[in-house]
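Written out below as structure tokens is the structure these notes cover.
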Amino acid sequence: LLDKKQLNEMEPNINSQMGKAIYLPNTVVVNPISVISKLYNYLLGKKVEFEFGGTISNADPEKSTITLKQKKIKYGKIYNCSGECPSKES
């Protein structure tokens, strides 16, 4: 797990609103669709909730909330896998 400083040293063009990033330098994905499908089904079994197609309009890591358009979500842990950065205007 990288903090924001370590991430920016490694890749200065990345913006992590949450201040952390997962770094796995020794991994290779041969069939990403299969890996994601198995991970998705596993996490569903663990009661993980997913949101698809949303646009992040605000992120507040101190309050553990994000806003997708008009829907505010409070979270314990959140993983943004879209590559989309939350807007700084809210």
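The figures here come from the full heavy-atom set of this structure, side chains too, leaving out hydrogens, waters and symmetry mates.
Tyr40 and Val35 fall into different hydrophobic clusters, defined by Ile, Leu, Val, Met, Phe, Trp and Tyr side-chain heavy atoms under 4.5 Å apart, directly or through other members. In terms of hydrophobic clustering, with Ile, Leu, Val, Met, Phe, Trp and Tyr side chains grouped at heavy-atom distances under 4.5 Å, Val48 and Tyr75 are assigned to different clusters. There is no path of hydrophobic side-chain contacts, each under 4.5 Å, that joins Phe52 to Ile78.
The closest donor-acceptor contact from the side chain of Gln6 to the backbone of Asp3 lies under 3.5 Å. Under a 3.5 Å cut-off, the side chain of Lys20 and the backbone N or O of Leu7 do not form any donor-acceptor pair. At least one donor-acceptor pair closer than 3.5 Å links the side chain of Ser57 to the backbone N or O of Thr67.
Using a 4.5 Å heavy-atom threshold, the side chains of Leu68 and Ile56 count as touching. Using a 4.5 Å cut-off on side-chain heavy atoms (C-beta onward), Tyr42 and Lys38 make no contact. At a threshold of 4.5 Å between non-hydrogen side-chain atoms, the residues Tyr23 and Leu1 do not count as touching.
Taking NZ from Lys71 and CD1 from Ile66, the interatomic distance works out to 9.5 Å, rounded to the nearest 0.5 Å. Lys47 contributes atom NZ, which lies 10.5 Å from atom CD of Glu49 (distance to the nearest 0.5 angstrom). Asn58 CG to Thr65 OG1: the interatomic distance, rounded to the nearest 0.5 Å, is 6.5 Å. Between Ser64 atom OG and Ile73 atom CD1 the span is 12.5 Å, to the nearest 0.5 Å.
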